[in-house]
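Keep in mind the model is a prediction, meaning the values are calculated, not measured. Heavy-atom basis, side chains included; hydrogens, waters and symmetry copies ignored.
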Amino acid sequence: MSIIIVGVGPAEFDAMEELDGDEVRLSSRGRYAERDIVQFVPFRDYVDRAGNQILSMARLAKDVLAEIPDQLLSYMKARDIKPRPPVTSTPQHSLNSQI
């Protein structure tokens, strides 16, 4: 599981930054999280003052999704799950050869 949080509004998001766990691994009652599963970004960092919303939203999407591949890999490695070998496809007969 990966959790993506986008902070909206002018509030301070210090607690969310801590929850993100990029700097320090989260812990509770002496137990540390196995891995970082939270990605937090404040929306205000992606508002383009010049009015280019498409570029702003592309940057937001890129940064929000940036940690997902590493989160997936860390999960798979922690459980010693290896990818399956690629499936080889058989050549398809063209429709012309059947007519």
| request: Determine the minimum heavy-atom distance between Met57 and Tyr46, stating which atoms define it. | output: CE-O, 4.2 Å

| task | Might you confirm whether atom CZ of Arg79 has over 12 heavy atoms from other residues, nucleotides or ligands at distances under 6.0 Å? | result | yes

| message | To the closest 0.5 Å, what do you measure between CD (Gln71) and CG (Leu65)? | response | 10.0 Å

| 4.5 Å side-chain heavy-atom contact, Ile4 and Val41 | no

| Donor-acceptor contact present, side-chain Ser2 to main-chain Ile68, <3.5 Å | no

| query | Between Ile5 and Ile3, is any pair of side-chain heavy atoms under 4.5 Å apart? | reply | yes

| query | Can you hop from Leu60 to Val47 via hydrophobic side chains spaced under 4.5 Å? | reply | yes

| message | Is it true that, when you exclude Phe13 itself, more than 12 heavy atoms of the residues, nucleotides or ligands shown sit nearer than 6.0 Å to its CZ? | response | yes

| Heavy-atom donor-acceptor pair, Arg44 side chain to Ala11 backbone, under 3.5 Å | yes

| field | Atom pair NZ/NZ of Lys82 and Lys77 - distance to nearest 0.5 Å | value | 10.0 Å

| query | Is there a side-chain contact between Ile81 and Tyr75 (heavy atoms, below 4.5 Å)? | reply | yes

| Tell me, do Leu72 and Pro69 make a side-chain contact under 4.5 Å, heavy atoms counted? | no

| Distance from Asp63 atom CG to Gln39 atom CD, nearest 0.5 Å? | 7.5 Å

